[in-house]
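For reference, the structure discussed in these notes is given below.
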Number of protein chains: 2
Amino acid sequence: MDNMTIDKNRAVPPEEYADLRKALTLISGKWKLEILWLLYHRTHRFGELRKTIPGITQHMLTRQLRELEADGLVTRTVFAEVPPRVEYSMTEATKALEPTIMALMAWWQQFGKAAQGGTQPEE
Amino acid sequence: MDNMTIDKNRAVPPEEYADLRKALTLISGKWKLEILWLLYHRTHRFGELRKTIPGITQHMLTRQLRELEADGLVTRTVFAEVPPRVEYSMTEATKALEPTIMALMAWWQQFGKAAQGGTQPEE
DNA sequence: CTGGATCCCCCAGGATACTG
DNA sequence: CAGTATCCTGGGGGATCCAG
């Protein structure tokens with residue numbers, strides 16, 4: 001496919017739609033975007049993420065990080081030190097995702113927000 | 001917003017992160033993307049969507065469409081005819097979202113797919 | 001400090017039957 | 001044809017305690 005737009009003459013492409021679903025799944029965790037957001041700034045330690053993200057528990061943070069790691073969206077580095085230290089950082093895939101994330105946010109701010117302005121833009 | 005990139009010098013922007021979460025929520029329904037995908041081609045009748053989307057039930061189709069409508073992502077047109085006819089079509093917001101959706105899919109195909117190489121095979 | 005093991009709750013998703 | 005009205009289920013999310 002040489003053109004990044006939807007082919008109006010063809011029926012639904014099931015496999016590509018599946019890809020789309022999977023891509024969404026990767027970032028669908030409740031805290032994943034916020035974690036990635038922090039990692040866009042810099043590498044964080046586990047405790048830093050925990051303190052910075054309001055409302056998250058160790059358990060959830062661990063789970064979300066494990067999933068992100070399995071999906072190649074974060075890198076986990078363990079330091080064999082006396083007080084355990086684990087650092088999480090973004091990957092190439094994470095970096096490549098940033099423009100899309102920002103585009104999604106911009107889209108919401110322009111269209112979604114208005115639509116939710118009361119379920120009806122104006123009357 | 002003059003720059004579409006994350007400010008590395010600032011802490012987490014809670015409100016913008018909330019916007020991002022909401023944007024994701026709008027398209028997080030299991031069948032929403034596939035519905036939008038079909039509407040990118042052309043306006044569809046309820047029955048058309050039902051027949052075209054494999055595995056969806058009337059119930060789920062109705063629910064997803066209602067949510068999309070409430071979020072301003074689809075337009076619902078009812079024709080007062082003897083055999084009821086209802087058509088669904090995309091909105092300006094839907095159109096504006098297309099590039100982002102395609103970008104997300106392209107991202108997955110380039111990065112996510114490779115990352116899943118060792119996770120779990122398909123079924 | 002990091003994170004595993006358990007138990008619990010809620011709700012998106014689904015199966016089924018009925019209707020203007 | 002295009003929906004509602006019920007009921008049920010799985011699993012994501014959460015609270016809490018334990019451990020290296």
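Keep in mind the model is a prediction, meaning the values are calculated, not measured. In what follows, chains are A, B, ... by sequence order, proteins preceding strands, each numbered from 1.
- Nucleic acid contact class of B:F79 (heavy atoms, under 4.0 Å, all strands): none.
- One interatomic measurement links the two molecules: CZ of A:F46 to C1' of D:dG20, which rounds to 14 Å at whole-angstrom precision.
- Electrostatic pairing of B:K95 and B:E92 counts as a salt bridge here, judged by a charged N lying under 4.0 Å from a carboxylate O.
- Distance alone, capped at 3.5 Å, places no donor-acceptor pair between the A:W107 side chain and the B:E98 backbone.
- The side chain of A:K30 sits closest to D:dG13 out of D:dG13, D:dG3, D:dG20.
- Nucleotides of DNA chain C with any atom under 4.0 Å from a heavy atom of chain A span, from 5' to 3', C:dC1 to C:dT6.
- End-to-end axis angle of the helix from C:dC1-D:dG20 to C:dG20-D:dC1, from C1' rotation axes over five pairs per end: 50° (rounded to 10 degrees).
- When each of A:H59 and B:G55 is assigned the nucleotide of DNA chain C with its nearest heavy atom, A:H59 is the one assigned upstream, toward the 5' end.
- Of the side-chain N and O atoms in B:R66, one or more sit less than 4.0 angstrom from OP1 or OP2 of D:dT4.
- Side-chain N or O atoms of B:E69 include none that pairs as donor or acceptor with a backbone N or O of B:R76 at under 3.5 Å.
- Among B:I101, B:D19, B:L97, the single residue meeting the side chain to side chain contact (heavy atoms under 4.5 Å, CB included) criterion with A:L104 is B:L97.
- Annotation: of the two residues near DNA chain D, A:S28 and B:P83, the 5′-most nearest-nucleotide partner is B:P83.
- Using a 4.0 Å cut-off, some side-chain N or O of A:Q64 falls inside it from OP1 or OP2 of D:dG13.
- Remark: the A:S28 side chain and the A:T25 side chain contain no N/O donor-acceptor pair separated by less than 3.5 Å.
- Here B:T57 lies in heavy-atom contact (under 4.0 Å) with sugar-phosphate atoms only.
- The phosphate of D:dA2 (OP1 or OP2) has no side-chain N or O of B:R63 nearer than 4.0 angstrom.
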